[in-house]
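No experiment lies behind these values; they were computed from the predicted model shown. Start at 1 with the first residue, then count along the sequence.
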Amino acid sequence: MSERIGSLAELRSAYREGGLTPAALAERVLAGLAGRDGAPVWISTVPADRLRANAAALGRDGDPATLPLYGIPFAVKDNIDVAGMVTTAGCPDFGYEASTDAPVVRRLLDAGALLVGKTNLDQFATGLTGARSPYGSCESVFGGGLVSGGSSSGSAVAVASGQVSFALGTDTAGSGRVPAALNGIVGVKPTRGLLSTAGVVPACRSLDCVSVFAADVADAVDVLHAARGVTAADPWGRPLPAERVPARLPGTLRLGVPRAADLEFFGDTGQRDRFAASVGRLRDLVGHAQPVPLGPFFEAGDLLYQGPWVAERLTGLDDFLRERPEAVLPVTRAVLETGRRYDAVDAFRGRHRLRELRARVDRVWREVDALVVPTVGTTFTLAEIAEDPIGRNAMLGRYTQFANLLDLACVTVPNGFTAAGRPASLTLVGPAFSDTTLARLAAALAGGAAPGPADAAPPATAAGPGPADLLVAVVGRHLAGESRNGELTDRGATLVGATRTAPCYRLYRMDSPDGEGLPGLVRVEAARGHRIDVELWRLPASAVGGLLAGVPAPLSLGWVRLDDGRAVLGFLCEAYAAGPDAEDISAAGGWRAYRSAARR
């Protein structure tokens, strides 16, 4: 396999430093496609000459300072339209050439992203295994015959194998989460309607979501920023509400944890143990945790395939299925045909029961802000799925199928590996429009700073602040969730992400009147320095004076050198303060790490 393409942050840094151009990036992408190991990830790719021409045009006319996804390669699940390319939905005889881009694709292209191609999927997005495609079955990047998860199988594998930096999938029953879990990447299933489903072959139109796969939470949120938007062509689109609950920081959250009696791991003790370990880590991050019953969630999820919503899957495909039954895989046809069992009376009964279940779940959200569940209870090989394709598919959807019926947002993140070497994962779940809160908690769990709010306007540039903004490096009590963070947020600052300083600083803890201690970052000779964790905040330039006025001596604002070579405004400490009375905490790597160790 050729070298990995890299994350958004890595590519942005390479473009900014002049070591990479879109044209050179296109050659790396093409080399990766040529060198792939034969796994059926792609259904179609942009022709090499067109990809090169698109990259050359971007390098000539595009501006990385104004295009948030400048030169970032991505893939699109092949049930989403791209102008001039055939949309198959995993069924060759169904295929048609799209005349226009789906709005969600067009927004990404307008943001400077480079489309590489269209990826494999479970036929008509009906399945969670990645083993229901006439184009072949994708295997997980971890090998061993493990299923990739579906239906967005190719999109997840393309990201996890490093062939692209991010990819679009769709998610009706878990197709944006299960493949992320089985390939060790992040999957974001946003609130229904935030990403337009116009130009998407429907699976269950009232429930469908476009989802995002990326290597980390920050990348996924950046893509969500760029792709979000309501269009006149999409009756299911939903703008952000004018009045909504503000995004919450992890330390203030009330976390719901499933009752032990409600958890089912299908005999997989490795997945059980990994989930228990992750819950322990989450308890240390949040303000409060309490048990939550999963019964109403599961009952709602059962309605998707054991209730009248399966008839909605049949709605858009009924004519094709009647005319060309032989063109549809037997397992896909069997699932779709069950929709004929339901009539209008069943549909209303299902709607009424779902409303009752949603009322019960709504009461849960009065007590907790987020819920953690396993993404999958167990894993399967392709051979095991072939033995029981429908039953084991249902097992994979146990913790995912309820989300869209109950109008929930979800973020899926890796959770290490079981003792048997199988990937583990967890999903953070919240009510509609809790996307930012979930992303922040997911990022904190992964060990990084929480990304900026998904409900904020997209930044003027992904590589740096807009002309009226400044990036400020924060190292201590101004960090998100710390005691003086309000001095930033009250001035309109927004969190961009986490990074580290160049290895030429030391961090000291000095005494402060309140006894909490005052951290100070001091520049030293490189041979004596450490890399120190910092957060980057975007602050209106007009607010810098007011912030500086409140900075106590011996602290000041100055230029801080970052590990990627950039110099940004940041909090520094005068060297005289690092005297014998100051505690050198550099070895901890940062203020939060020091505080955490001190508490233990």
Side-chain angles (χ1 to χ4, degrees), residues 3-15 68-75 108 111 113 141-142 149 152 155-169 171 176-177 179-190 211-227 247 250 278 281-282 285 372 375 409-417 423-428 435-454 458-459 462-463 480 494-500 531 533-536 562-564 590 592:
E3 65 175 314
R4 299 177 64 87
I5 290 301
S7 68
L8 273 67
E10 290 167 337
L11 293 182
R12 286 167 174 163
S13 178
Y15 284 132
L69 298 178
Y70 177 88
I72 307 296
F74 75 107
L108 295 173
V141 293
F142 299 117
S152 310
S155 287
V157 174
V159 171
S161 61
Q163 296 180 54
V164 293
S165 299
F166 73 90
L168 296 184
D171 190 316
R177 291 161 280 160
L182 294 175
N183 289 281
I185 58 175
V186 170
V188 171
K189 188 216 75 67
S211 63
V212 177
F213 295 103
D216 58 42
V217 178
D219 280 7
V221 170
D222 277 358
V223 175
L224 186 60
H225 278 161
S278 70
R281 299 202 317 275
L282 281 166
L285 291 173
V372 59
T375 309
C410 303
V411 177
T412 291
V413 292
N415 186 30
F417 293 85
S425 174
L426 62 86
T427 295
L428 299 171
D435 306 77
T436 300
T437 294
L438 299 177
R440 287 178 170 177
L441 181 56
L445 180 65
T494 57
L495 185 59
V496 174
T499 186
R500 296 188 299 173
R531 292 179 173 88
D533 295 334
V534 296
E535 287 177 353
L536 296 180
L562 301 180
D563 203 24
D564 62 10
R592 280 207 183 99

Test item: Leu445 and Leu426 side chains (from C-beta on) under 4.5 Å apart, heavy atoms:
yes

Is the shortest heavy-atom distance from the side chain of Asp171 to the side chain of Arg177 under 4.5 Å?
yes

Check ion pair Glu535-Arg592 (N to O, under 4.0 angstrom)
yes

Do Phe166 and Asp219 have side chains that get closer than 4.5 Å, going by heavy atoms?
no

For the residue pair Val159 and Val164, establish whether any side-chain heavy-atom pair is separated by less than 4.5 Å.
yes

Sequence-distant partners of Ser425, side-chain hydrogen bond (donor to acceptor under 3.5 Å, both in side chains), two or more places apart:
Thr375

Kindly indicate whether the side chain of Leu69, heavy atoms from C-beta on, has any atom under 4.5 Å from the side chain of Leu8.
yes

Minimal heavy-atom distance between Ala439 and Val217, with the atoms involved, is O-CG1, 3.5 Å

Least distance between heavy atoms, Pro179 atom then Gly149 atom:
CG-C, 3.7 Å

Between Leu562 and Val534, is the side-chain contact (heavy atoms from CB on, under 4.5 Å) condition met? List the steps.
CA-CA 9 Å; Leu562 301 180; Val534 296; 4.2 Å; yes

Evaluate the side-chain proximity of Asn415 to Arg281: yes if any heavy-atom separation is below 4.5 Å, no if none is.
yes

So, for Gly169 and Ser152, which heavy atoms are closest and what is the spacing to 0.1 Å?
CA-OG, 3.6 Å

Donor-acceptor check, side chain of Ser13 to backbone of Ala9, threshold 3.5 angstrom: yes or no?
no

Between Tyr70 and Tyr15 (judged by ring centroids, cut-off 6.0 Å), do the two rings come close enough to count as a pair?
yes

Give me the one residue out of Thr412, Thr437, Leu282 that meets side-chain contact (heavy atoms from CB on, under 4.5 Å) with Leu428.
Leu282

Can you confirm whether Pro73 sits close enough to Leu11 that some side-chain heavy atom of one is under 4.5 Å from a side-chain heavy atom of the other?
yes

If you compare all heavy atoms of Ser211 against all heavy atoms of Gly176, which two are closest, and at what distance to 0.1 Å?
OG-CA, 3.5 Å

Nearest 0.5 Å, please: how far is CZ in Phe74 from CG in Leu168?
6.5 Å

Quick one: are Lys189 and Leu438 in side-chain contact, heavy atoms under 4.5 Å?
no

Looking at every heavy atom in both Asn183 and Val141, which two are closest together, and how far apart are they?
OD1-N, 3.0 Å

Taking Arg12 first and then Asp222, would you say they form a salt bridge - that is, a charged N and a carboxylate O separated by under 4.0 Å?
yes

Nearest heavy-atom approach of Ala409 to Asp435 is CB-OD2, 3.6 Å

